[in-house]
Amino acid sequence: MKKLTAKSFLTKLKEYLFMTVAGIVNGFSMYTFVNPAHLVAGGFSGLSSALTYIIAPLIPGVEFENLVSIVYLGLNIPLLICSLIFLRGDFTFKTIWATVVCTATLAILPAFPELQFNQPNARLISVIFGGILIGYAMYIAAEYNGSNGGTEVIARIVAKYHPEMDLSKVILIANVAINVLGSVIVIFKLNESPAIAIYSLMYIFVGTTVLGMLARGFNHPQKFLIVTTEYEQIMEDITTHFKRGCSCMDVVSKDPDSPERKMVMVIVQYRQMAQLKRLICHRDPHAFTIVKDVHDVFSRPTFNRSYKTK
């Protein structure tokens with residue numbers, strides 16, 4: 001067992017504070033935007049809302065907002081127990097904490113009904129702001145090796161024993177299935193228009209898009225593969241203007257009469273992409289260039305901060 005130092009304690013405290021924020025934001029998104037608009041969120045959040053619409057009318061004197069937190073926690077408890085058995089470790093405890101915080105948030109917020117955005121004719125606003133909040137909550141949880149429970153826990157358990165599986169597709173299918181099921185319940189139980197299913201899918205799309213943007217960063221790297229005859233000049237320009245190194249590789253052409261070409265590879269920031277394109281066109285208008293998104297530069301974690309444009 002590792003010795004607990006003041007530094008490690010503060011690190012853990014910071015991580016759990018951020019997991020607290022993730023749980024609060026998740027609960028706030030559901031209470032303020034998702035539930036008043038009758039949207040069906042993905043994962044167990046959406047499933048808990050759908051089940052609550054069925055259960056609440058069966059219990060006299062119990063309102064939806066007071067019951068949804070209990071259903072949400074009840075659905076997550078079996079998963080959290082499975083996570084304790086099969087995963088254990090830091091991820092499980094942080095997920096438990098985020099789930100408890102989200103449940104507490106959902107239980108406390110009904111005391112403040114003025115926080116609800118209850119505008120049936122402005123569902124698009126609920127979709128956008130609710131999606132942004134849930135995407136931010138998922139990002140915070142993922143950044144600190146945790147989750148908001150639900151399908152993310154299932155994915156972790158499956159990944160441990162079947163790492164070859166494409167879990168993103170499994171999660172997507174599960175979320176869409178929950179969305180369709182929940183939308184059917186909302187349509188029949190609350191006499192909503194079938195358009196509620198489209199709004200719910202838009203909400204999920206906004207959330208996952210925000211999560212991806214935050215994970216990649218707004219200035220994510222771009223990889224340039226430049227096949228050119230002016231490789232020496234282009235490499236010199238890259239070194240001078242972008243203050244970074246680049247790689248040069250031989251290119252074999254089937255045409256024996258073609259001039260000597262080499263491929264230059266360099267990674268720049270997104271904001272530097274237009275400048276590099278202009279530089280390439282200036283040096284060699286006939287250069288063959290491929291540009292691709294780079295989602296991770298793991299050998300240089302300070303890439304985004306240490307390289308600047310001159």
Side-chain angles (χ1 to χ4, degrees), residues 23 25-80 82 99 102-107 109-110 113 115-135 137-138 147-155 169-208:
V25 172
N26 187 19
F28 185 81
S29 173
M30 290 178 62
Y31 177 79
T32 304
F33 296 107
V34 177
N35 294 338
H38 298 158
L39 301 176
V40 180
F44 276 35
S45 300
L47 188 59
S48 63
S49 298
L51 291 177
T52 306
Y53 287 127
I54 297 175
I55 298 171
L58 303 177
I59 305 175
V62 176
E63 296 183 1
F64 173 87
E65 299 298 344
N66 296 322
L67 185 61
V68 67
S69 60
I70 299 173
V71 176
Y72 174 78
L73 181 62
L75 287 174
N76 275 285
I77 284 176
L79 280 181
L80 296 175
C82 291
T99 303
C102 181
T103 303
T105 302
L106 288 172
L109 285 178
L115 293 177
Q116 284 194 319
F117 184 76
N118 198 353
Q119 300 292 332
N121 296 324
R123 281 204 172 102
L124 193 57
I125 295 177
S126 297
V127 167
I128 294 172
F129 285 95
I132 291 173
L133 288 175
I134 195 63
M138 290 190 294
S147 76
N148 291 302
T151 52
E152 296 170 75
V153 176
I154 297 174
K169 291 183 179 179
V170 175
I171 294 175
L172 176 62
I173 292 171
N175 285 336
V176 171
I178 290 171
N179 175 266
V180 172
L181 174 63
S183 297
V184 170
I185 293 172
V186 169
I187 290 169
F188 285 97
K189 279 286 184 181
L190 304 179
N191 296 319
E192 282 286 354
S193 165
I196 197 66
I198 305 300
Y199 282 115
S200 298
L201 286 173
M202 289 172 61
Y203 166 80
I204 295 172
F205 175 76
V206 171
T208 53

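- Nearest approach of Asn66 to Pro110, heavy atoms of both residues: OD1-CB, 3.7 Å.
- For the atom pair CG (Leu39) and CG (Leu201), the distance works out to 10.5 Å, reported to the nearest 0.5 Å.
- Residues Ala137 and Val25 approach most closely at CB-CG1, 4.0 Å, considering heavy atoms.
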Show your working on side-chain contact (heavy atoms from CB on, under 4.5 Å) between Tyr31 and Leu115 and close with a plain yes or no. CA-CA 8 Å; Tyr31 177 79; Leu115 293 177; 4.3 Å; yes
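- Taking 4.5 Å as the limit, some side-chain heavy atom of Thr99 sits within range of a side-chain heavy atom of Tyr72.
- Rounded to the nearest 0.5 Å, atoms CG (Leu80) and CG (Leu75) are 11.0 Å apart.
- Checked by atom type and distance alone, the side chain of Ser200 pairs as donor or acceptor with a backbone atom of Ile196 at under 3.5 Å.
- Taking CG of Asn35 as the start and CG of Asn118 as the end, the distance is 10.5 Å to the nearest 0.5 Å.
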Run the side-chain contact (heavy atoms from CB on, under 4.5 Å) check on Cys82 and Val153 step by step: do they pass? CA-CA 9 Å; Cys82 291; Val153 176; 5.9 Å; no
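- Taking 4.5 Å as the limit, every side-chain heavy atom of Ile125 sits out of range of all side-chain heavy atoms of Gln119.
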Could you walk me through whether Met202 and Leu124 pass the side-chain contact (heavy atoms from CB on, under 4.5 Å) check? CA-CA 9 Å; Met202 289 172 61; Leu124 193 57; 3.4 Å; yes
Decide side-chain contact (heavy atoms from CB on, under 4.5 Å) for Leu79 and Phe44; before the verdict, give the C-alpha distance in whole Å, the side-chain angles of both, and the deciding distance to 0.1 Å. CA-CA 10 Å; Leu79 280 181; Phe44 276 35; 3.3 Å; yes
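- With a 6.0 Å radius and a threshold of 12 heavy atoms from other residues, nucleotides or ligands, Phe64 has its CZ atom above the threshold.
- Closest heavy-atom contact between Ala41 and Ser45: CB-CB, 4.2 Å.
- We find the OG-CE distance between Ser48 and Met30 to be 4.0 Å, quoted to the nearest 0.5 Å.
- Taking NE2 from His38 and CG from Asn191, the interatomic distance works out to 10.5 Å, rounded to the nearest 0.5 Å.
- No option in Asn26, Val71, Ile70, Leu73 other than Leu73 meets the side-chain contact (heavy atoms from CB on, under 4.5 Å) test with Thr103.
- For the residue pair Thr208 and Phe205, the shortest heavy atom distance occurs at OG1-O, 3.0 Å.
- Note on ring orientation: taking the six-membered ring where Trp is involved, the planes of Phe33 and Phe28 are perpendicular (angle over 60°, cut-offs 30° and 60°).
- Asn179 and Val40 make their closest contact through ND2-O, 3.4 Å (heavy atoms, listed as atom of the first residue, atom of the second, distance).
- Closest of all the heavy-atom pairs between Tyr203 and Gly130 is CE1-C, 3.2 Å.
- Between atom CD1 of residue Ile178 and atom CG of residue Leu47 there is a gap of 5.0 Å, rounded to the nearest 0.5 Å.
- At least one side-chain heavy atom of Val186 sits less than 4.5 Å from a side-chain heavy atom of Tyr53.
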